[in-house]
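Let me begin by presenting the structure, written as structure tokens, before commenting on it.
Keep in mind that the numbers below use all heavy atoms, side chains included, and drop hydrogens, waters and symmetry copies. Sequence lines set the chain letters: A, B, ... in the order given, protein chains first and strands last, and positions in each chain run from 1.
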Number of protein chains: 2
Amino acid sequence: MTTPRTKPATLKDVAEAAGVSISTVSRVFSSPGRISPETSDRVREVARKLRFTPNVMARSLITGTSPNIGLVVPDITNPYMTTLLKAAQRVSRGHQTGIFVADTDDDAEIERRVCEQFAQQSRGVILCAPRMTASHIREISGLVPLVLVNRVVEGIPSVYTDSRSALRELFDELVEQGHRRIGYLPGPAGSWSNKQRARTVADRARSLEVELVRLDPTDGTHAAGVLAAVQVLELGITAVMAFDDVLAAGLVEGLRQHGKSVPDDVSVTGHDDILSELVHPGLTTITGQSARVGQLAIARLLDSSGPDAGSGPELGVLLDESVGVKATVVRRHSTAAPRSRSD
Amino acid sequence: MTTPRTKPATLKDVAEAAGVSISTVSRVFSSPGRISPETSDRVREVARKLRFTPNVMARSLITGTSPNIGLVVPDITNPYMTTLLKAAQRVSRGHQTGIFVADTDDDAEIERRVCEQFAQQSRGVILCAPRMTASHIREISGLVPLVLVNRVVEGIPSVYTDSRSALRELFDELVEQGHRRIGYLPGPAGSWSNKQRARTVADRARSLEVELVRLDPTDGTHAAGVLAAVQVLELGITAVMAFDDVLAAGLVEGLRQHGKSVPDDVSVTGHDDILSELVHPGLTTITGQSARVGQLAIARLLDSSGPDAGSGPELGVLLDESVGVKATVVRRHSTAAPRSRSD
DNA sequence: AGGCATGTGTCAAAGGTTTGCATAGAACCG
DNA sequence: CGGTTCTATGCAAACCTTTGACACATGCCT
């Protein structure tokens, strides 16, 4: 009925077949150089023939460390996360490192549970938990090495996309185009990123003495973006910077439903550069750098707990520092000068 | 510098603190009922206080089975896969089951390597490998219980979305609207799903005596969809059914670049219902049922290797059978009657 | 009172690996 | 040639848990 499964070969099997002791075989794989080349070759040959691969569980049990790492995200459905995952995947491949993925449905309790579960079976976890309290995060960091994504908390290493300068640049461009009443469409309330972006834009508006209106908070969904259209129109805003592309796309759709067009009637910008090809007109946005973030995050984890940990910072950063990846603006077709009043 | 990590408590610690033997503590957790309620309570209390959780590695080592399962997909970036993953996640949560995810970049060699890696550390893997040869798949199934997704190979359990009747229905609707020259825009060449869909549509066209033109093969990307537009226009096709939504969205964009509009100039349909909210006009498509597929796949894995395996089929299906979940068509705004010739 | 079923707990082996220590032989030096 | 050092390998403990076999106590039946 079900396919028969044969037991995999163990060190012992290989040792017997090769006429050496178990420890010798073990050393052939784990501390090469201690074994003479001839023995080593013979053992490898036998091992290959027997299709031997070291038992990960047993190894982890004794070394007290697992080859795997965990990735905890609020919503795996978000393209930002999948490209991050994909990038992480690529670097992990060379390291025999498996990646646990947990989607927490944006629930802080689940976040905690999952982290604890992963702590045991991973040598580290990449945690993207925009809502969890900092003290919870610290607590978890006592269980397992952590790298935070898109959030910084004192004393814990993190990687985030730093879009502050890009946001300012984009804001300035809108102003240059003639917009004097610009909206910020917020993302999820508890989100660290949202706070950052909102503050950056607000600061810029203040120093340029341009009016910034902060639209009602949203949950970051496409639907929320659609809904936001009415507020934008009511308030007579001519350009809005959305928390991210999903929201921006929703807003574009919402405006269309009210017979308004982008960018002729109102300009819209996004963030993360994730829906670039899909929405029309092409969204002017800011690169999310999620691939780079994923790559850095896993690299830090891998070599902070790797075989040569302690030999100094390899990424050119202190190990508990937070590193920001600079984002840039990508210009497409969703912004333009505001319609003149007389139109 | 880095956060200090304290060793987690073991059975032994709990046993000593509670004044019982190790085995007693073990049984409190693994075979309840063998231990008297009083002892059990006391032990649990102590365990809680010590923050004890059984060491997964040690447990797996001795039981010869892991709590985790693996998910292997060609491209985690595809929304079909992420919703599948999300659904699987939800059911796994109740089972303390971690999910390994591997993105294989559509590379058969990586698929194989990753499966072998997961085999050791998982109690089963959900394999979505549209390109791998059937014999490779069989081989892997000798290493670890498998559930195939969107592909069926004799003797191996699988779950797939069955859109044959929906495809026929959709095709019929196009014909009713007056289309007489309909195109099929193929997905990745090696893909099992692509073959199924192409054949279903071709069969229907034959029996309805309507002309079906099979467009050039694509790699399934958005860009390929954009490119396909020229062929569609050259051949004077009035409606095209695309392999999936990504391709369909690309095609819509491509047509727009040639000044043609959907559905006025040509009708376009997709598959998977994944980009519904994002493209304009809303895509008429077929539900992918990825969530349901994910849910079923993991459920089969979980209870085929679960504690009560062998107590009979729990899902109402034989354990090595393949189960299809019926897809339905969702009508939006990307199809219409063809322009009459005289326009 | 002796025998027995039942309920509760302990002992020790097993699972596959890593690794500190011991050993044995070889090579080297004086 | 005796002694020292070095290299290659083996032995056995340890990691933490599960589990079959067994021991002990209790209470019941005859």
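For Gln121(B), the side-chain hydrogen bond (donor to acceptor under 3.5 Å, both in side chains) partners are Asn68(A), not counting sequence neighbours. With sequence neighbours excluded, no residue forms a side-chain hydrogen bond (donor to acceptor under 3.5 Å, both in side chains) with Asp41(A).
Rounded to an integer number of Å, the gap from CG of Leu11(A) to C1' of dC11(D) is 15 Å.
Under the 30°/60° scheme for interplanar angles, the aromatic rings of Phe118(B) and Phe100(B) are found to lie parallel.
When distances are taken from the side chain of Ala58(B) to each of dG10(D), dC16(D), dT17(C), the shortest belongs to dC16(D).
For the helix from dA1(C)-dT30(D) to dG30(C)-dC1(D), the rotation axes defined at the first and last 5 base pairs enclose an angle of 60°, given to the nearest 10°.
Taking only distance into account, the side chain of Thr10(B) never meets the base of dC15(D) through a donor-acceptor pair shorter than 3.5 Å. Arg59(B) contributes no side-chain N or O that forms a donor-acceptor pair with the base of dG15(C) under 3.5 Å.
The minimum heavy-atom distance between Val153(A) and Arg138(A), with the atom names listed, is CG2-NH2, 4.0 Å.
Contacts of Thr24(A) with the nucleic acid, taken as non-hydrogen atoms under 4.0 Å apart, involve only primed sugar atoms and P, OP1 or OP2. Within the 4.0 angstrom heavy-atom criterion, no nucleotide atom of any strand lies near Phe29(B).
With Val149(A) as the fixed residue, the side chain to side chain contact (heavy atoms under 4.5 Å, CB included) test singles out one of Val72(A), Thr161(A), Leu84(A): Leu84(A). No option in Thr82(A), Asn78(A), Asn150(A), Thr83(A) other than Thr83(A) meets the side-chain hydrogen bond (donor to acceptor under 3.5 Å, both in side chains) test with Ser290(A).
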